[in-house]
There are 2 protein chains.
Amino acid sequence: MMIAVAVPDDEEAEFTERQREVLDVVLALMVEEGDGFSVARIARAASCSKESLYKWFGDRDGILTATVQWQASRVRAGEYDRQRLDAAQLRKSLEGFAANWLSVISSKTSIALNRVAVSHAGNGRSRLGQIVLANGRFAIGERLKPILEAGRAAGILDFESSEEAFRAFFGLVGRDVQIRFLLGDDFLLDEETIATDARRAIDQFLVLFGTGKDGKKNAGGTGDAPAAGEAKISII
Amino acid sequence: MMIAVAVPDDEEAEFTERQREVLDVVLALMVEEGDGFSVARIARAASCSKESLYKWFGDRDGILTATVQWQASRVRAGEYDRQRLDAAQLRKSLEGFAANWLSVISSKTSIALNRVAVSHAGNGRSRLGQIVLANGRFAIGERLKPILEAGRAAGILDFESSEEAFRAFFGLVGRDVQIRFLLGDDFLLDEETIATDARRAIDQFLVLFGTGKDGKKNAGGTGDAPAAGEAKISII
DNA sequence: CATGTACCGTACCGTACGGTACGGCGTCAA
DNA sequence: TTGACGCCGTACCGTACGGTACGGTACATG
């Protein structure tokens, strides 16, 4: 299957207002009950008829797929603004990116969507796995790489392949967080823990990929909390 | 739920020979078809009666739980032999550990079990998530930490918390591999890629946590392939 | 041989679910 | 006013599945 490059998965089915309302209800159901609800349950919760659901989305998998696409398309705003690069700014961007991503993957919404997508990836039904992959893992890769490359161009970072640098970033930031949440280990990961985890991850990342030519290398204690106004990366 | 410490999940239900045969068939079904097979399908595939299945395992969830436990108990052998510590030996152990774990999480069996466990963790049914967590993530943690601590005691490694050091190891080795496989991205990860990935991960790990007092720090090109005879870590 | 045990194969039951059909209601345009 | 349209609510249908029951067989034990 091997997802190639594409991020947006350009099939952008537009939904009507009513349909979006319904999809939000489905999303809430997925968060609360996983994948185990019936179409009748959706209709009841959303106060709509099963007939409408089938007319709009085809079948049950179509409902779930539309829900995931709707959620994925939701936060496609917030482009990263390419500011003038100095090491402190880069560090701040990376920390904001890391903290944001950590808060996303620990959110109930992301966990629920990933769970459904993973279970659907098992048996062949539906493309949910690919959709989540494209809008999660690969989307944030495509968003982070330009930042990394800008850092390299400015002489602050050093790496051969931005893909490999990104994967190291992914590992250092995410560690065991996502798999633990997916498997139901609901350990505490509050705002503060996320901030310190993000800082530690970026410290480590800069040790591995920083040139040390600009900015306090491996200092780590001074900066304030990761920028709150950073671009939302991905909701999945 | 926050799994505390325990690894073996000591409820070790012993299974008869016939039951183990059946559980292997269930495992094969899970690998091939995910979670979407009926109990009748198991009975047909295993040439046993549904009545026996229900007598042995209670209900369908009991069958799946027994399957996961059986697989988990399978490779609990292979203890790490505490050899005399020098840096080259430690590096070799870590590389072997990493390569072994990568080959496990990219195996069809592990992917299938984790998928089922993740989907069951969504709705509350069954303890599959916790079982997989205990025998996967936490089991390898408990196996690796003594090695890391031995390395620290020998002055080769430096870290405050072995838990944190292990989580960094986990991230550097696993990166995006597990989530990509779980979501159905069947990219190539052959023996050779695993070996080089393991070496790169350990190089990075040693940059972050090595003291550099012993052994070629950050050299990376010389060692041969990771020891093949290393202990099997975990099958999940 | 008689009895018990463990199991297989199959038939059976109740239910829950995916998907369809239909009647009714509000809205809007001619 | 009339008709078309979109939608809700509900009733309906077929099926597939979880779980149980039962008859039949092999085997072991006395």
Side-chain angles (χ1 to χ4, degrees), chain A residues 13-30 32-70 112 115-117 119-120 122-128, chain B residues 13-30 32-70 112 115-117 119-120 122-128:
Chain A
E14 282 304 316
F15 301 117
T16 69
E17 178 61 29
R18 179 68 182 127
Q19 289 168 2
R20 276 175 273 149
E21 283 176 26
V22 171
L23 293 181
D24 277 335
V25 173
V26 178
L27 191 61
L29 278 177
M30 283 174 51
E32 289 160 24
E33 307 183 17
D35 193 2
F37 49 81
S38 65
V39 176
R41 178 115 179 65
I42 299 173
R44 217 177 318 126
S47 293
C48 71
S49 68
K50 284 172 64 178
E51 191 175 32
S52 296
L53 291 175
Y54 284 108
K55 177 156 55 159
W56 292 335
F57 307 114
D59 58 7
R60 188 177 185 279
D61 276 340
I63 299 173
L64 298 184
T65 302
T67 303
V68 174
Q69 283 175 326
W70 159 233
R115 277 187 181 140
V116 174
S119 77
H120 278 236
N123 35 40
R125 62 179 173 174
S126 87
R127 313 181 302 113
L128 285 189
Chain B
E14 282 304 317
F15 302 117
T16 69
E17 178 60 31
R18 177 69 182 124
Q19 288 167 4
R20 274 175 273 147
E21 283 176 26
V22 170
L23 293 181
D24 277 335
V25 172
V26 179
L27 191 61
L29 278 176
M30 283 173 51
E32 288 161 24
E33 308 184 16
D35 192 2
F37 49 82
S38 66
V39 177
R41 178 114 177 66
I42 299 174
R44 216 178 318 129
S47 293
C48 72
S49 69
K50 283 172 65 177
E51 192 175 33
S52 297
L53 290 174
Y54 283 108
K55 177 158 54 161
W56 292 335
F57 308 113
D59 57 8
R60 187 176 186 278
D61 276 340
I63 300 173
L64 298 184
T65 303
T67 303
V68 173
Q69 283 174 327
W70 160 234
R115 278 188 182 141
V116 174
S119 77
H120 278 235
N123 35 39
R125 62 178 174 178
S126 86
R127 314 181 301 113
L128 285 188

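Chain naming here is simple, since letters A, B, ... match the order of the sequence lines and numbering starts at 1 in each.
In this structure, the CG atom of A:D35 is 10 Å from the P atom of C:dG18, given to the nearest Å. In this structure, B:Y54 atom OH and C:dC7 atom P are separated by 17 Å, rounded to whole Å. One can place CZ of B:F15 at 14 Å from P of C:dC7, the figure rounded to the nearest angstrom. For B:L53 and D:dA21, the CG to P distance is 16 Å, given to the nearest whole Å. Between B:I42 atom CD1 and C:dG9 atom C1' there is a gap of 16 Å when expressed in whole angstrom units. Per the geometry, CZ belonging to A:R41 stands 17 Å off C1' belonging to D:dG9, to the nearest Å. Rounded to an integer number of Å, the gap from A:F37 CZ to C:dA16 C1' is 16 Å.
Remark: the A:E51 side chain and the D:dC8 base include a donor-acceptor N/O pair separated by less than 3.5 Å. Applying the 3.5 Å distance criterion, the base of C:dG19 shares a donor-acceptor pair with the side chain of A:K50.
In terms of phosphate contacts, B:S52 brings a side-chain nitrogen or oxygen within less than 4.0 Å of OP1 or OP2 of C:dC8. Note on B:R44: every side-chain N or O is 4.0 Å or more away from OP1 and OP2 of C:dG9. Distances shown here put every side-chain N or O of B:W56 at or beyond 4.0 Å from the OP1 or OP2 atom of C:dA6. Contact between the side-chain N/O atoms of B:S38 and the OP1/OP2 oxygens of D:dA16 is not found at any separation under 4.0 Å.
Checking each of A:L64, A:L23, A:I63 against A:I42 for a side-chain contact (heavy atoms from CB on, under 4.5 Å) leaves exactly one that passes, namely A:I63.
The nucleotide whose nearest atom lies closest to any side-chain atom of B:R60 is, among C:dG18, D:dG18, D:dC8, D:dG18. Distances were taken from every side-chain heavy atom of A:S49 (C-beta onward) to each of C:dC8, D:dT20, D:dC8; the shortest belongs to D:dC8.
Residue-to-nucleotide proximity on DNA chain C shows that, of A:A40 and B:A43, the 5′-proximal contact is made by B:A43.
Electrostatic pairing of A:R127 and A:D61 does not count as a salt bridge here, judged by no charged N lying under 4.0 Å from a carboxylate O.
A cation-pi arrangement is absent between A:R60 and A:Y54, since the terminal nitrogen or guanidinium carbon is not both under 6.0 Å from the aromatic centre and inside a 45° cone about the axis.
In this structure a side-chain-to-backbone donor-acceptor pair under 3.5 Å is missing from B:E21 to B:R18. A donor-acceptor pair under 3.5 Å is absent between the side-chain atoms of B:R115 and the main chain of A:S119, judged by distance alone.
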